Structures are given as structure tokens and as C-alpha cells.
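Below is one structure, written out as C-alpha cells; the observations come after it.
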Amino acid sequence: MTLPLSILDLATIGKGQTAAESFAGSVAMAQRAEELGYRRIWYAEHHNMSAIASSATSVLIAHVAAHTSTIRLGAGGIMLPNHSPLTIAEQFGTLETLHPGRIDLGLGRAPGSDQNTLRALRRDPMSADSFPQDVLELQGYLTGPTRIQGVEATPGKGTNVPLYILGSSLFGARLAAQLGLPYAFASHFAPNALQDAVALYRREFKPSAQLDAPHVIAGVNVIAADTAAEAQAAFRATLRARVGLFFGGGREFTDDEADMVLDSPQGQHVSQMMTYSAVGTPDAVIDYLDGFAKHSDADELIVAHQNTGTEARIRSVELLAEVAGLARVGANSAGS
């Protein structure tokens, strides 16, 4: 694997697990990923999802940053229409001030929630329309000059926290190209427009003060395990968990019930979301990722390790690092 590898940590709360245990798992994963040579770990803003604990994204980043020392950490992403640009500039300016040179800020325009939760967030349903202007306002707070006369972010001003545009459609690709920002495509759950969006981004990219050439990060699911059977079982468990997430409405499904949903026409959408998934032993996983890197025309892969349970996810992190050669990089860095 010649491309940098990063991690998207969904801060999953497993069955019978608490949010506190999820956070402890995120810290343990970050510490191991740092040792092994992964480039960065991102956490995503989701709301009203009982299985995802990263709703207060900047707070979780601060917690993990305090328990690590070198790996880059960031949001993948902050759903900017849920917030004022000034508030996000202050939050990430604070993070960068506390942990200089380690903080990323990925930005999306989706609600990260359902319509009822959108109302609970006091979000204006039309706020996504101003996303491009809000990105520019936020950038002004972090890099200067401010776009709102007399308003500065403290902390924030002059921190130059790097921005990334996240997306799953041509809209985000075009905006990232116009602004000269890196582009991260959410192909780990929204695979359909990957190649078209990346091609558009590369074709229309305009260099900026932050970035002189296009940089594409593509998301991909990974379940690496010591045996193929173990990996396939974990993949099926992941699909079943998604049935509960999208169709549960607060109830839990038995395995048989979840399988019935997965086999139905409605359930096919769940499987389709996981189109880009590397599942198997380390050799099978790295072969898949090599092919996916070419297919996506990416400069970096961000991996969502989907194994069930913290120990299995960390084992997946370790197996991928070893087969990709990251472990050797991490060992050399630790000794220098």
C-alpha cells in the first residue's frame, strides 16, 4: 500500500456497552493507530443515534488528543449548518492551540440526523443553502482576514486549521475544487457518485493558499481478521446492526429478523451502502484496498474498521497496518 492510511472512528456503542466504554475504546484505538503509523483519525458528528457516541465531536477530539501525542485528529465531519461558523472556529481554534499541528476540520452540509432531530437542534431547514458562504466565513476566522467586520475568533485567528470538504455528491466536489480545499468522499456509506465526483474535483480544482494540488480522501470499510470466516461473520453482524439503526425505531432485532430485512427489497439499500468493503484476512484486505485506491483515484484512504467490539476493531487496525507496511514505519518513528 503506497497511499497514506487514516481511520474514521464512529465511536460505536455496541450492544451492552455504555458511551463511556465507547470513549475508552476510541482512546485505545487512537493510541494503537498512533504507534502503528496511521496518518489521522476523524470523528463524525451524528445526533440522536443510540449506537454512535461522537455527537459532541470537538469534545471527543479534545479527549483523544489529551491521551495521544502525534497522530492528527479531526472532524470527519462537522455538519456546519448545525452551527455558527464563529462557534466552530472558536472550538477548533482552541483544539489547535492546545494541540498545535494536529487538528483537522472536515465540513459537511448534511444534518447528521433526522427531521425531528433537526428541529431539536434549532436548525433552520434552509441553512444548508448557505454552506459555501459559511465555509468562507469560517475560513476567514481561522486564517484571516475575517469576513465579518469587527468579529474575530479567539482562540482561532491565525491558527490556520486546515479545512476539508466532505461530500457524497457532485456539489461537495465542485465546492472543494472552487475553494482549493482537500475533498473527502463518503464512499464508505454512499458509494454511487464516487468516480464522477472525484473526476469533477480533479478537473475543476483551483490552487489556494492551503493547497496547491488536488487531494482526494476516499472512505472505505474494512473488516480484517485472522480468518476469513471470522471476518465474514463480523461483516454480517455489521449489516444486522445497520438494520437496527435504520429500521429499528428504538427496537432491537433478532439475528433472524435482521436477516429477513436484509433479504427484502428495502434491506438491499443497507447492503448497497457497504459496497466498498474490504473483508477477510489481511492479504485479502490489502488486495481489495489496492484495487479500490485505483478505482477511486484517491491520494489517501480513510478506513472505517467495522468489526464488532473494541478488541476486534483494534485487531483489524493492527492487521491492516502490518500488511500495509505501516507497522514498520511506526516502529522506525518510535525509535528515532
Side-chain angles (χ1 to χ4, degrees), residues 6 39-40 42-45 57-59 61-62 65 72-112 123-124 126-186 197-198 200-217 299-300 302:
S6 299
R39 172 169 285 192
R40 69 183 95 239
W42 282 357
Y43 306 90
E45 178 186 348
T57 314
S58 59
V59 180
I61 292 169
R72 295 193 67 87
L73 301 166
I78 290 292
M79 301 299 105
L80 190 54
N82 292 344
H83 313 273
S84 74
L86 177 60
T87 297
I88 297 303
E90 290 168 342
Q91 290 177 8
F92 280 78
T94 298
L95 287 169
E96 175 64 23
T97 301
L98 291 170
H99 308 282
R102 296 181 58 203
I103 302 301
D104 300 327
L105 177 48
L107 301 168
R109 66 175 182 138
R123 171 174 161 164
D124 180 348
M126 304 304 294
S127 57
D129 295 343
S130 64
F131 180 67
Q133 293 75 28
D134 289 346
V135 172
L136 289 172
E137 182 183 336
L138 172 58
Q139 188 177 51
Y141 291 134
L142 295 171
T143 64
T146 179
R147 291 175 176 264
I148 306 297
Q149 186 175 2
V151 179
E152 305 280 4
T154 306
K157 181 180 180 181
T159 55
N160 298 307
V161 176
L163 302 184
Y164 298 73
I165 299 298
L166 277 57
S168 58
S169 69
L170 302 187
F171 177 90
R174 181 168 285 113
L175 178 63
Q178 291 173 347
L179 299 182
L181 295 175
Y183 180 53
F185 191 90
V198 171
L200 184 152
Y201 169 70
R202 292 194 180 279
R203 183 173 64 249
E204 297 189 4
F205 180 84
K206 298 176 181 178
S208 68
Q210 179 178 325
L211 194 66
D212 59 4
H215 186 84
V216 172
I217 303 174
D299 301 294
E300 178 180 343
I302 189 160

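What you see is a predicted model, and the numbers here were worked out from it, not measured in a lab.
Here the closest non-hydrogen pair linking Phe92 and Ala75 is CZ-CB, 3.8 Å. Tyr183 and Ala197 get closest at one heavy-atom pair: OH-CB, 3.8 Å. Minimum interatomic distance between Ala44 and Gly76 (heavy atoms only, all atoms of both residues): CB-O, 3.3 Å. Listed here is the closest heavy atom pair of Pro81 and Ala128: CG-CA, 3.9 Å. When every heavy atom of Ile165 is checked against every heavy atom of Ala176, the shortest pair comes out as CB-CB, 3.8 Å. Scanning both residues, Trp42 and Ile302, for their nearest heavy atoms gives CE3-CD1, 3.7 Å.
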Quiz item: Are Leu80 and Arg109 close enough, and set up right, to give a side chain to side chain contact (heavy atoms under 4.5 Å, CB included), and what steps lead you there?
Solution: CA-CA 6 Å; Leu80 190 54; Arg109 66 175 182 138; over 6 Å; no
Practice problem: Kindly indicate, with the supporting measurements, whether the criterion side chain to side chain contact (heavy atoms under 4.5 Å, CB included) is fulfilled by Leu107 and Leu166. | Solution: CA-CA 6 Å; Leu107 301 168; Leu166 277 57; 5.8 Å; no
Practice problem: Take Leu163 and Leu142, measure what side chain to side chain contact (heavy atoms under 4.5 Å, CB included) needs, and give me the verdict at the end. | Solution: CA-CA 10 Å; Leu163 302 184; Leu142 295 171; 4.0 Å; yes
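Legend: residues meeting salt bridge (Lys or Arg N to Asp or Glu O under 4.0 Å) with Arg147, ordered by chain and number and at least two apart, are absent. Considering only residues two or more places apart in sequence or on other chains, Arg174 meets the side chain to side chain contact (heavy atoms under 4.5 Å, CB included) condition with Gln178, Leu200, Glu204. Applying the side-chain hydrogen bond (donor to acceptor under 3.5 Å, both in side chains) criterion to Ser6, with sequence neighbours excluded, gives Glu300. By the side chain to side chain contact (heavy atoms under 4.5 Å, CB included) test, Pro162 is found to be paired with Arg72, Asp104, Tyr164, Gln210, residues two or more places apart in sequence or in another chain being considered. When the ring pair (Phe, Tyr, Trp, His ring centres under 6.0 Å) test is applied to Phe205, the partners found at least two apart in sequence or on another chain are Tyr201. By the side-chain hydrogen bond (donor to acceptor under 3.5 Å, both in side chains) test, Thr159 is found to be paired with no residue, residues two or more places apart in sequence or in another chain being considered. Every residue two or more places apart in sequence or in another chain was checked for a side-chain hydrogen bond (donor to acceptor under 3.5 Å, both in side chains) with Arg203, and none qualifies. Take Ser84 and apply the side-chain hydrogen bond (donor to acceptor under 3.5 Å, both in side chains) test, not counting sequence neighbours, and it matches Thr87.
Listed by first then second residue, pairs satisfying salt bridge (Lys or Arg N to Asp or Glu O under 4.0 Å) with a partner in residues 157-172 read Glu152-Lys157, not counting sequence neighbours. Within the structure, every pair that satisfies the side-chain hydrogen bond (donor to acceptor under 3.5 Å, both in side chains) test and touches residues 89-100, not counting sequence neighbours, is listed here: Ser58-Gln91. Screening residues 128-138 for side-chain hydrogen bond (donor to acceptor under 3.5 Å, both in side chains), with sequence neighbours left out, gives Ser130-Asp134, Glu137-Tyr141.
Judged by distance alone, with hydrogens and angles left aside, the side-chain atoms of Glu45 form no donor-acceptor pair with the main-chain N or O of Thr57 at under 3.5 Å. A donor-acceptor distance shorter than 3.5 angstrom exists from the side chain of Ser208 to the backbone of Leu211, with no hydrogens or angles considered.
In this structure, the separation between CD1 on Ile103 and CG on Asn160 is 14.0 Å, given to the nearest 0.5 Å.
Residues Leu86 and Val151 have side chains in contact (heavy-atom distance under 4.5 Å, counting atoms from C-beta outward).
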